[in-house]
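Chain letters run A, B, ... following the sequence lines, proteins first and then strands; every chain starts at 1.
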Amino acid sequence: MKLHNTNSTPKKVRVRFAPSPTGYLHVGGARTALYDYLFAQKFGGEFILRIEDTDEERSKDEYMWSQLEDLKWLGLTWSEGPQVETQKETGDLGPYQQKYRLEIYKKYIDQLLDQGQAYYCFLTEGELDQQREVAKKNKLPFRPLSPSRDWSKDKALAHTKENQLQPTVRFKNNFKNKKFEFKDLVRGDMSFPSDMIGDFVIQRSSGMPVYNFVCTIDDALMKISHVFRAEEHLSNTLKQLMIYETLGFDRPEFAHLSIMLGEDRQKLSKRHGATSVSQFKEEGYLPEALTNFIALMGWSSPSGEEILSQKEMIDNFSSDRFNSASSVFDPEKLKWMNAQYLRKLEHQDLWQRLQVFFDKEHLKLPQDKTWVDMALETFKSSMETLKDAVELFRPICPDHFKLEDSASEVMAWETTAKVLEYWKSEVSNYPHDYLSAEDFKALTKKIQKDCEVKGKPLFMPLRVALIGAPQGVELAKLIPLLSRQEILRRVSVVLGV
RNA sequence: GUUCCCUUCGUCUAGAGGCCUAGGACAUCGCCCUUUCACGGCGAAGACACGGGUUCGACUCCCGUAGGGAACGCCA
């Protein structure tokens, strides 16, 4: 399955991520970018960012910047292309936004036109539809048949002017019975027959060239050595190979990554829940966990280790460990992995990352180091995402105390009132501002003895009086996080005083 | 319809002809820890899509079949 790696890096490694700014950065795109980045890092090459914005209707600069920011958030940095901070480009082979490269494309379109390897096509959409229908009826593959296929450039231009037309430009597929072969880094030897496609459009009637053309030109001009892209581009490669060949460009190596699916085995999309990188960010996933997780969809480390730092991924990265089968995105495993990373974080770091989530919910927490350390130590093992901290910390936040419905059963117990009254009076006589875990333990022993209550009927009411709910973290750990005053206030609230 | 790609536990995967009684991870279930909920520890269950070849021997190589996917766009 994976004997086809060349394992050689003859050319200077230059890889590119080429998103089209028609939406937010998708985890699928993020994975491609990640592989680009890892590959470049591993082989000391360059990682280039190119913006494929030839779809004038759907492309928006706003999307471009958001995608770039998400890429940076993931820790993937590039040496050439538009940069977020300066809003300017770096690199010598720009511009890196295709809409600013139109002159370049025009030159090559003209060259093809002059050489008779492309032609102006005056077929209307209606005519094309008709041809398509005929092909379908005869169970033949559709190949556009253009009357102007063999016209000279001058004749076509004259015709255009005379009739005020806006023709497209089609690449003339004159390859007869030729097999286009290449070695895919993921799939091995690939071969496409030249008659798999007909003459294809390389320039729209608007004058804007199309993806398969500009992509090829730019990869060649930007000296891209390896193209990592999603599997859906596999069949496009034939068109691009034809262009490489007629223009005499060196072609890069290709790696067509398997596709990411949702749990219903359909292509991962919005209806499967979160799919954009920014959504995962908002839900409290760590960039290092997200990249680790997506790296493992379609690639594996030689050791079989699953928790891998960026450095470990770089060190172990190679294109012979790609899996060619598509994979299903499993949000549960992502959560698990995120939890692993969360627990490894330094408290100071974790606390800092938590602030944006607390702020959003107007949670005001103490900030002194001892308290933070204690609180984090108590709660971090219950967190899977940063956002989980909100519900964990809310109960110990003074302004947010309330009695949950789940507490009503406990409150109805016969012994509950007695326990809480006793608890209240003990705490009010306590000499310090905060109770220690040890003092709390001693105190519960005392209650147990004097009230003749133990086990659940003892601890559940106390928990309710502390956080408003009968379930949660260990009481001894919770106690030192609340001031004596706050504890008293709460027990009063619960007792309805 | 044509061309091309893909198929190992529910999910991510390991697997380069004998190391396979198919390994690991998530999820699931059980036990332990625990006054609750988690964390953690230990354990169980669970897969080579199917059929033919080739071979002394096939998860691995070849050919079919089935299922899934892509392209056949003036989307990328």
Side-chain angles (χ1 to χ4, degrees), chain A residues 1-3 18-22 52-55 57-59 121 123-125 128 132 135-144 166-170 184 186-187 190-193 195-198 200-212 214-215 229-239 256 258-259 261 263 265-267 293 296-307 320-321 323-337 339 343 379-384 392 410 444 448 454-460 462-463 469-476:
Chain A
M1 197 192 284
K2 37 200 67 157
L3 296 166
S20 57
T22 54
E52 310 232 319
D53 51 5
T54 54
D55 183 341
E57 267 118 68
R58 298 198 300 146
S59 296
C121 173
L123 252 20
T124 63
E125 226 164 289
L128 247 12
R132 229 171 253 128
K136 199 174 174 184
K137 207 153 89 190
N138 297 327
K139 302 200 168 182
L140 254 33
F142 163 63
R143 302 284 179 260
Q166 290 194 306
T168 59
V169 176
R170 277 182 194 275
D184 191 278
V186 180
R187 278 151 228 283
M190 290 290 112
S191 171
F192 296 108
D195 64 357
M196 186 173 138
I197 53 169
F200 54 94
V201 171
I202 53 175
Q203 180 176 289
R204 301 174 174 88
S205 52
S206 66
M208 183 63 86
V210 306
Y211 164 76
N212 278 301
V214 296
C215 174
R229 53 158 65 138
E231 184 190 348
E232 62 221 55
H233 290 293
L234 190 55
S235 351
N236 282 329
T237 308
L238 175 59
K239 292 177 183 172
H256 287 95
S258 57
I259 227 153
L261 308 173
E263 56 195 340
R265 298 216 147 260
Q266 299 296 303
K267 208 168 147 184
F293 179 73
L296 261 21
M297 297 193 70
W299 178 82
S300 59
S301 74
S303 68
E305 292 285 324
E306 297 209 288
I307 305 286
D320 59 352
R321 295 197 63 84
N323 188 338
S324 51
S326 50
S327 50
V328 173
F329 190 91
D330 180 7
E332 285 303 316
K333 190 160 181 178
L334 205 212
K335 265 191 188 168
W336 168 81
M337 191 168 276
R343 280 164 216 167
F379 290 125
K380 71 176 177 184
S381 62
S382 316
M383 289 164 51
E384 287 188 307
L392 254 14
V410 174
T444 52
Q448 190 173 325
K454 59 176 183 175
K456 259 168 115 176
L458 167 62
F459 291 96
M460 290 255 183
L462 289 181
R463 183 174 283 107
Q471 291 184 336
V473 293
E474 202 183 322
L475 287 175

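Put simply, A:Arg143 has no side-chain N or O that comes within less than 4.0 Å of OP1 or OP2 on B:rG73. Phosphate proximity of B:rC75 to A:Arg204: present, with a side-chain N or O under 4.0 Å from OP1 or OP2. Listed pair A:Arg463 / B:rU35 fails the phosphate criterion, with no side-chain N or O lying under 4.0 Å from OP1 or OP2. The phosphate of B:rC74 has neither OP1 nor OP2 within less than 4.0 Å of any side-chain N or O from A:Gln203. For A:Thr54, a side-chain nitrogen or oxygen approaches OP1 or OP2 of B:rA76 to under 4.0 Å. One finds no side-chain N or O of A:Asn323 lying less than 4.0 angstrom from the OP1 or OP2 phosphate oxygen of B:rC6. For A:Ser235, no side-chain nitrogen or oxygen approaches OP1 or OP2 of B:rC4 to under 4.0 Å. Residue A:Ser326 places none of its side-chain N or O atoms closer than 4.0 Å to OP1 or OP2 of B:rG68. Checking the phosphate oxygens (OP1, OP2) of B:rC72, no side-chain nitrogen or oxygen of A:Arg132 falls inside 4.0 Å.
Checking B:rA38, B:rC12, B:rU2 against every side-chain atom of A:Pro141, the shortest atom distance belongs to B:rU2. Among B:rG69, B:rC26, B:rU7, the nucleotide with an atom closest to any side-chain atom of A:Ser324 is B:rU7. Checked against B:rU36, B:rC74, B:rU13, the side chain of A:Glu474 finds its nearest nucleotide in B:rU36. With B:rC12, B:rA25, B:rA38 as the candidates, the nucleotide lying closest to the side chain of A:Val328 is B:rC12. Out of B:rC5, B:rC75, B:rU11, the shortest distance to the side chain of A:Arg265 is found at B:rU11. Among the nucleotides B:rU11, B:rG73, B:rU35, the one closest to the side chain of A:Phe142 is B:rG73. Residue A:Lys139 has its side chain nearest to B:rG1 when only B:rG1, B:rC4, B:rC72 are considered. Out of B:rC72, B:rC26, B:rU13, the shortest distance to the side chain of A:Trp336 is found at B:rC26. The side chain of A:Ser300 approaches B:rA14 more closely than any other nucleotide in the set B:rC5, B:rA76, B:rA14. The side chain of A:Asp330 approaches B:rU11 more closely than any other nucleotide in the set B:rU7, B:rA25, B:rU11.
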Verify side chain to side chain contact (heavy atoms under 4.5 Å, CB included) between A:Leu238 and A:Ile197, making sure each step is shown before the conclusion.
CA-CA 8 Å; A:Leu238 175 59; A:Ile197 53 169; 3.8 Å; yes
I'd like to know whether A:Glu57 forms a side chain to side chain contact (heavy atoms under 4.5 Å, CB included) with A:Thr22, so could you lay out the CA-CA distance, the side-chain angles of the two residues, the decisive distance to 0.1 Å, and finally the verdict.
CA-CA 9 Å; A:Glu57 267 118 68; A:Thr22 54; over 6 Å; no
Criterion side chain to side chain contact (heavy atoms under 4.5 Å, CB included) on A:Phe200 and A:Arg143, from CA distance to verdict:
CA-CA 9 Å; A:Phe200 54 94; A:Arg143 302 284 179 260; over 6 Å; no
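For A:Ser205 against B:rC74, a side-chain-to-base donor-acceptor contact under 3.5 Å is present. Between the side chain of A:Asn236 and the base of B:rA76, a donor-acceptor pair under 3.5 Å is found. Checked by distance alone, A:Lys333 brings a side-chain donor or acceptor within 3.5 Å of a matching partner on the base of B:rA25.
The partner of B:rC4 is B:rG69, judged by Watson-Crick or G-U wobble contacts that both fall below 3.5 Å. Nucleotide B:rC48 forms no Watson-Crick or G-U wobble pair with any nucleotide shown, as no partner meets the under 3.5 Å limit on both distances. Shown here, B:rC61 forms a base pair with B:rG53; the pair counts as Watson-Crick or G-U wobble because both key distances fall under 3.5 Å. Base pairing annotation: B:rG43 forms a Watson-Crick or G-U wobble pair with B:rC29, both donor-acceptor distances under 3.5 Å. Remark: B:rA22 base-pairs with no nucleotide; criterion is Watson-Crick or G-U wobble with both hydrogen-bond distances under 3.5 Å. Pair assignment for B:rU34: none, as no Watson-Crick or G-U wobble contacts are both less than 3.5 Å. Of all nucleotides present, none satisfies the Watson-Crick or G-U wobble test against B:rA14 with each distance under 3.5 Å.
Between A:Lys333 and A:Glu306 there is a salt bridge, with a side-chain nitrogen of the basic residue lying less than 4.0 Å from a carboxylate oxygen of the acidic one.
Comparing B:rU65 with B:rG1, their P atoms are spaced 13 Å from each other, to the whole Å. The same atom, P, is picked in B:rA49 and in B:rG43; the two are 29 Å apart, to the nearest Å. B:rA58 and B:rG18 have their P atoms separated by 11 Å, given to the nearest Å. Across the C1' atoms, B:rA47 and B:rA25 are found 15 Å apart, a figure rounded to whole Å. Nucleotides B:rC62 and B:rC4 place their P atoms 16 Å apart, quoted to the nearest Å. Rounded to whole Å, the separation between the P atoms of B:rC72 and B:rU28 comes to 41 Å. B:rG67 sits 27 Å from B:rA16 when the C1' atoms are compared, rounded to a whole Å. B:rU7 and B:rC48: their C1' atoms are spaced 10 Å apart (whole Å).
Side-chain contact annotation: A:Ser324 with A:Arg187, donor-acceptor N/O pair under 3.5 Å absent. Of the N and O atoms on the side chains of A:His256 and A:Thr237, at least one donor lies less than 3.5 Å from an acceptor on the other residue.
A:Thr168 comes within 4.0 angstrom of a nucleotide base, judged by non-hydrogen atoms across all strands. Within the 4.0 angstrom heavy-atom criterion, only backbone atoms of the sugar-phosphate kind lie near A:Glu332; the bases stay farther away. Counting any heavy atom pair closer than 4.0 Å across all strands shown, A:Gly198 reaches no nucleic acid atom.
Per the geometry, CG belonging to A:Leu261 stands 9 Å off P belonging to B:rA70, to the nearest Å. Rounded to an integer number of Å, the gap from A:Trp299 CH2 to B:rU13 P is 12 Å. With rounding to whole Å, A:His233 atom NE2 is found 18 Å from B:rC5 atom P. Atom pair A:Met196:CE and B:rU2:P shows a separation of 14 Å (rounding to whole Å applied).
In this structure, A:Leu123 CG and A:Arg170 CZ are separated by 6.0 Å, a value rounded to the nearest 0.5 Å. Rounded to the nearest 0.5 Å, atoms CZ (A:Arg343) and CD (A:Glu384) are 7.5 Å apart.
Comparing A:Gln471 and A:Ser258 against RNA chain B, the residue whose closest nucleotide sits nearer the 5' end is A:Ser258. Taking for each of A:Glu231 and A:Asn212 the nucleotide of RNA chain B with the nearest heavy atom, the 5'-most of the two is the partner of A:Glu231.
Base orientation for B:rC39: syn, the chi torsion being within 90° of 0.
Scanning all heavy atoms of the two residues, the minimum distance from A:Ala135 to A:Phe142 falls at CB-CA, 3.8 Å.
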